[in-house]
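FYI, side chains are in, hydrogens and waters are out, and symmetry mates aren't considered; it's all heavy atoms of this structure. Order of the sequence lines sets the chain letters (A, B, ...), proteins ahead of strands, with each chain counted from 1.
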Protein chains: 2
Amino acid sequence: MISGKFAITIHILTLLHKFPNDYLSSEFIAGSINLNPVLVRKEIANLKAHHIVESKEGKNGGTKLAVNAAELTLKQIFEMTFETIGLGFAKNQPNPDCPVGKNINQHLENLYSEMNQKVSAQLEGISLEDFSNQF
Amino acid sequence: MISGKFAITIHILTLLHKFPNDYLSSEFIAGSINLNPVLVRKEIANLKAHHIVESKEGKNGGTKLAVNAAELTLKQIFEMTFETIGLGFAKNQPNPDCPVGKNINQHLENLYSEMNQKVSAQLEGISLEDFSNQF
DNA sequence: TCATACTGTAATAAAATATGTTACAAATTT
DNA sequence: AAATTTGTAACATATTTTATTACAGTATGA
């Protein structure tokens, strides 16, 4: 299910790309997104775990892109933010005694899986640089 | 954002397709989905508004498919359940004084719009009959 | 070396959304 | 008339998302 994480992460990365020489603080970034700085830091933690950005603690610290924006695709960001098109139905526990109920989740998952593949294929063709250069 | 409505509606329609000669009660359908009958009736109300099903009140009442399952596409169901891949970020109000914040929603919307087109194109090729015949 | 300004992270709270329940009028069948 | 079902509103609960507070740890530079 697509949540705000994808949008937030793209926003963060776009800013980092626009200021390639600076360590941007979570407060500055949060000011652009209009979001709580702690949430920004959480997304940055995720980006760090994937070695997409590096950050520096302490005074004048902040975060900086650690990869080539031309080589980072939106597909990677999509996957990195744990996004999938999914059941979106938290408590999907159909009746196993019903021939339809018994199998529907499998068929829905197959369907969603194909949807994800289509979306991924599209996002693979767009780099962070492409996205950022629209601005 | 994809929610349970899409899954629930497909489930309902698959059942209706499997029992083309019966008026199925919301209770029966709810039993297969393992969902509250009122929620089933709500989705059916939506289907009725789109003339996809017809229902009969009163004793032995219920709901029945009103269209040819071969001609009803999952794309129609997708749209009918108000599904879109969207921002998923309820309070996305970036800072208008920031060059990135000012424009990001437009660019994200364009991106999501393309994603929806890909998904729609895929779902257009799958009929309810196709889906139901997998079972 | 000390004040300052950051990150990192946990704990908690609030808000938004999704799902579930109860209740009952209206409709139709037997 | 009794039984069963839809239709719908009003309300309740659960889940997920977003926000806040708090503070330890780290680097900078005056």
Side-chain angles (χ1 to χ4, degrees), chain A residues 1-9 11-12 15-16 19 22-50 52-64 66 81-84 86-94, chain B residues 1-9 11-12 15-16 19 22-31 33-50 52-64 66 81-84 86-95:
Chain A
M1 173 145 38
I2 295 193
S3 79
K5 287 183 185 179
F6 182 60
I8 292 168
T9 299
H11 196 144
I12 293 169
L15 285 170
L16 296 180
F19 298 92
D22 298 325
Y23 283 90
L24 302 184
S25 76
S26 62
E27 189 140 1
F28 174 82
I29 295 170
S32 170
I33 308 184
N34 192 18
L35 194 73
N36 194 292
V38 175
L39 300 181
V40 171
R41 297 208 284 271
K42 276 184 186 161
E43 293 312 314
I44 284 174
N46 184 32
L47 288 168
K48 278 182 66 177
H50 288 87
I52 305 298
V53 303
E54 56 180 79
S55 47
K56 208 169 66 174
E57 292 187 30
K59 191 169 178 179
N60 299 330
T63 302
K64 210 180 135 178
T81 50
F82 314 110
E83 305 292 0
T84 50
L87 281 174
F89 184 27
K91 200 179 175 180
N92 197 353
Q93 301 168 325
Chain B
M1 175 146 36
I2 294 193
S3 79
K5 288 183 184 179
F6 182 60
I8 292 169
T9 298
H11 196 143
I12 293 170
L15 286 170
L16 296 179
F19 299 92
D22 298 325
Y23 282 89
L24 302 185
S25 76
S26 62
E27 190 139 358
F28 175 82
I29 295 170
I33 308 184
N34 192 19
L35 196 72
N36 194 291
V38 176
L39 298 182
V40 171
R41 299 208 284 271
K42 276 182 187 167
E43 292 313 314
I44 284 174
N46 185 31
L47 289 167
K48 279 182 66 177
H50 288 86
I52 305 300
V53 303
E54 57 180 78
S55 45
K56 209 169 66 173
E57 292 187 31
K59 192 170 177 178
N60 298 331
T63 302
K64 210 180 135 180
T81 49
F82 314 112
E83 306 291 359
T84 49
L87 283 175
F89 183 26
K91 200 178 172 181
N92 196 354
Q93 302 169 323
N95 187 342

Engineer: Nearest heavy atom decides the nucleotide; on that basis, is A/K56 or B/S25 closer to the 5' end of DNA chain D?
Structural biologist: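 On the 5' side of the pair lies B/S25.
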Engineer: Heavy-atom nearest nucleotide on DNA chain C for A/K59 versus A/R41: which residue maps closer to 5'?
Structural biologist: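 That would be A/K59.
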Engineer: Figure out the CG/P separation between B/L39 and D/dC11, and round it to whole Å.
Structural biologist: 18 Å
Engineer: What's the separation between atom CG in A/N46 and atom CD1 in A/I8, rounded to the nearest 0.5 Å?
Structural biologist: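 Result: 11.5 Å between the selected atoms.
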Engineer: Indicate the atoms forming the closest heavy-atom contact of A/S32 with A/H11, along with that distance.
Structural biologist: OG-NE2, 2.8 Å
Engineer: Can you tell me the distance, in whole Å, between the CD atom of A/E54 and the C1' atom of C/dC6?
Structural biologist: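 Distance, rounded to whole Å: 16 Å.
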Engineer: Using a heavy-atom cut-off of under 4.0 Å over every strand shown, decide if B/S26 touches base, sugar-phosphate, or nothing.
Structural biologist: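 Sugar-phosphate: the residue B/S26, judged by heavy atoms under 4.0 Å, touches backbone atoms but no base.
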Engineer: Take A/A45 and B/V38, find for each the nucleotide of DNA chain C with the closest heavy atom, and name the residue whose nucleotide sits nearer the 5' end.
Structural biologist: A/A45
Engineer: Whole angstroms only, please: what is the NZ-C1' distance between B/K42 and D/dT5?
Structural biologist: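 Checked: the NZ to C1' distance equals 18 Å.
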Engineer: Classify the nucleic acid contact of B/G61 as base, sugar-phosphate or nothing, counting any heavy atom under 4.0 Å across all strands shown.
Structural biologist: sugar-phosphate
Engineer: Compare side-chain N and O positions of B/S55 against OP1 and OP2 of D/dG7 and report whether any pair is under 4.0 Å apart.
Structural biologist: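 Affirmative; the distance criterion is met.
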Engineer: Does some side-chain heavy atom of A/T63 sit less than 4.5 Å from a side-chain heavy atom of A/V40?
Structural biologist: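 Counting from C-beta outward, A/V40 and A/T63 never come under 4.5 Å.
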Engineer: Just the rounded figure in Å: distance from P of D/dA27 to OH of A/Y23.
Structural biologist: 12 Å
Engineer: Take the protein atom CZ of B/F28 and the nucleotide atom P of D/dT6, then report the distance between them rounded to whole Å.
Structural biologist: 12 Å
Engineer: Do the side-chain N or O atoms of A/K48 get closer than 4.0 angstrom to the phosphate oxygens (OP1, OP2) of C/dG8?
Structural biologist: yes
Engineer: Whole angstrom is fine here: how far is it from CZ in A/F6 over to C1' in D/dT17?
Structural biologist: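 Whole-Å distance recorded here is 18 Å.
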Engineer: Check whether any side-chain heavy atom of B/I33 sits under 4.5 Å from a side-chain heavy atom of B/I12, and report yes or no.
Structural biologist: yes
Engineer: To the nearest angstrom, how far is A/I44 atom CD1 from C/dT9 atom C1'?
Structural biologist: 14 Å
Engineer: In whole angstrom, what separates B/E27's CD from D/dA3's P?
Structural biologist: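 Taking CD of B/E27 and P of D/dA3, I get 17 Å after rounding.
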Engineer: Classify B/N36 by what it touches in the nucleic acid, base, sugar-phosphate, or nothing, heavy-atom distance under 4.0 Å.
Structural biologist: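 Touches a base.
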Engineer: When rounded to the nearest 0.5 angstrom, what is the spacing between CD1 in B/I52 and CG in B/L16?
Structural biologist: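 The CG atom of B/L16 is 11.0 Å from CD1 of B/I52, to the nearest 0.5 Å.
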Engineer: Do any side-chain nitrogens or oxygens of B/N60 fall under 4.0 Å of OP1 or OP2 in C/dT30?
Structural biologist: yes
